[in-house]
Trainee: 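One structure coming up, written as structure tokens, with questions to follow.
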Number of protein chains: 2
Amino acid sequence: MARFSDRQKEIINEALKLIANNGIQNLTIKNLSKAVNFSEPAIYRHFADKKDILMSIITYLTICEKSILKKVQASGVSALDQIDNFFAEHFHQIASERNSTVMKYSEALLQHDPKLSKAIISVMHLSRDTLSEIIEAGQKAGEIRTDISTKQLTIVIMGAFRFLMASWQQSNFAFDLEVEGKKQAEAIRKMIHNQGH
Amino acid sequence: MARFSDRQKEIINEALKLIANNGIQNLTIKNLSKAVNFSEPAIYRHFADKKDILMSIITYLTICEKSILKKVQASGVSALDQIDNFFAEHFHQIASERNSTVMKYSEALLQHDPKLSKAIISVMHLSRDTLSEIIEAGQKAGEIRTDISTKQLTIVIMGAFRFLMASWQQSNFAFDLEVEGKKQAEAIRKMIHNQGH
DNA sequence: CTCATTATAGTTAGTATTAACTAACTTTTA
DNA sequence: TAAAAGTTAGTTAATACTAACTATAATGAG
């Protein structure tokens, strides 16, 4: 777990704040060094170059995402409840540390660099695929309707999740994400549950 | 309709391609001048500065979006069919000129500049609010279920729409957007229609 | 335990490159 | 013949990054 040093974590955290506030273009070594309150070249004592910083951010986000998804699945409850948890756990984390995860599912990190693009896309796929598995299991267990394919259900749920998150971000955090998230999760439950069950 | 000169349209179009291909960071005056095949300073004969180019892009996208939404609503059909059209019309346009609309709903254009941010967000709100009106009308007409609020239904539909579009973009246009869009629209129809009707 | 040594983490002062943009001149078109 | 649209050759400012130096803190021999 000693993947990053304390200073590295500090830098990653400030970098995430910079991106969340004003987009990738706001992430310059100068701004970053101001944010962590030491000189520009000091940054290079902790990261090889800017690409290394971006890669580390993605690695960090991947670790966070894996931990959330583990919680969601480990809950050992029904598929429908796991989907509720998917919303609740994500929104809880996002709302509590508004800086980081805000852009996890956003395209903000997509860069020219194919390596970086691949990495950030694979974080997105991670949650999508997990959700897909939950839905499929729910369908097999008779909890979730089977007249709509797993794929289409996944798109609906991931879409609603991401759209609500994006709206919250764009509104400048003008509403309670956890409250609205719960309402949305309830609505989705109504739409996807197996009525014969 | 003579809002932009031919050259301006040409420049806007190439700018959209540059952004679609490699993100906002790829949109430099140098790249743009290469794309339109004349020198950098010539760009400034057509636009005051870079901000003016970005603003014009957003204006252009707004015009396109309004025309699509008009088609969707003018179809004079049922709410459920209008929602089908919402998918079909958008995806048809996107698939036919893959450059432009790809990022209309993406956060790619979000900038430091508050004026630009406001403008691009209002394009997004335009489609969201139109969709919301269609849904509400459908609920009043008894076509669409009323046990879920207009707001929650809007989030589900806009979310699915945007998520599918983002997936297509990220997959490097690996699937037929119009085909998958139709499937998705059918799935949504099943989920939102009023069953007592 | 002390003190020399050495790796670590910071500094200031710069470099090379690239960005947006301009000045001044030329060609093209109405 | 004059306005519109293009050119070349720059400027200024910002960016990522480096060189060279310094302070601090851990290490290890006497």
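Below, each value reflects all heavy atoms present in this structure, side chains not excepted, and no hydrogens, waters or symmetry copies. Just so it is clear, the model here is predicted, and its values are computed rather than measured. Convention: sequence-line order gives letters A, B, ...; per-chain numbering from 1.
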Trainee: Between A:Arg7 and C:dT8, does any side-chain N or O lie under 4.0 Å from OP1 or OP2?
Mentor: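 No.
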
Trainee: How many whole angstroms separate atom CD1 of A:Ile29 from atom P of D:dA14?
Mentor: 16 Å

Trainee: When you measure from the side chain of A:Gln25 to the backbone N and O of B:Gln25, does any donor-acceptor pair fall under 3.5 Å?
Mentor: no

Trainee: Whole-Å distance between C:dT8 P and A:Phe47 CZ?
Mentor: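 Those two atoms, CZ and P, are 16 Å apart.
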
Trainee: So, B:Arg145 and B:Asp147, do they make that salt bridge, N to O below 4.0 Å?
Mentor: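 Judged by the 4.0 Å cut-off on N to carboxylate O distance, B:Arg145 and B:Asp147 do form a salt bridge.
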
Trainee: Rounded to the Å, how far apart are A:Ile11 CD1 and C:dA9 P?
Mentor: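 In whole Å, C:dA9 P lies 10 Å from A:Ile11 CD1.
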
Trainee: Without decimals, in angstroms, what is the distance between B:Gln25 CD and C:dT18 C1'?
Mentor: 13 Å

Trainee: Would you check if A:Lys71 and A:Asn85 make a side-chain contact, meaning some heavy-atom pair closer than 4.5 Å?
Mentor: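 Contact flag for A:Lys71/A:Asn85 side chains = no.
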
Trainee: Using atom CG of B:Asp6 as one end and atom P of C:dT29 as the other, report the distance to the nearest whole Å.
Mentor: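 Rounding to the nearest Å, CG of B:Asp6 and P of C:dT29 are 14 Å apart.
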
Trainee: Report which part of the nucleic acid A:Leu27 touches: base, sugar-phosphate, or nothing (heavy-atom distance under 4.0 Å, all strands).
Mentor: sugar-phosphate

Trainee: Determine whether the side chains of B:Gln139 and B:Thr150 contain a donor N or O and an acceptor N or O closer than 3.5 Å.
Mentor: yes

Trainee: Once you round it to whole Å, what is the distance between P of C:dG10 and CG of A:Leu32?
Mentor: 13 Å

Trainee: From the set C:dT11, D:dC17, D:dA5, return the single nucleotide nearest to any side-chain atom of A:Arg45.
Mentor: C:dT11

Trainee: Which residue is it: B:Phe161, B:Phe91, B:Phe173? I am looking for the one with a ring-ring contact (aromatic ring centres under 6.0 Å, His included) to B:Trp168.
Mentor: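 With B:Trp168 as partner, ring-ring contact (aromatic ring centres under 6.0 Å, His included) holds for just one option, B:Phe173.
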
Trainee: C:dT22 P sits how many Å from B:Tyr44 OH, rounded?
Mentor: 7 Å

Trainee: Looking at DNA chain C, which of residues 33-43 of chain A put a heavy atom within less than 4.0 Å of it?
Mentor: A:Phe38, A:Ser39, A:Pro41, A:Ala42

Trainee: Considering only heavy atoms from C-beta outward, does the side chain of A:Gln152 approach that of B:Glu186 to under 4.5 Å?
Mentor: no

Trainee: Calculate the interatomic distance between A:Gln8 atom CD and C:dT8 atom P; express it in whole Å.
Mentor: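 After rounding, the reported distance stands at 13 Å.
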
Trainee: Within less than 4.0 Å of OP1 or OP2 of C:dT8, is there a side-chain N or O belonging to A:His46?
Mentor: no

Trainee: Has the side chain of A:Gln82 got a donor or acceptor atom that lies under 3.5 Å from a matching backbone atom of A:Val77?
Mentor: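 Confirmed, A:Gln82 side chain pairs with A:Val77 backbone.
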
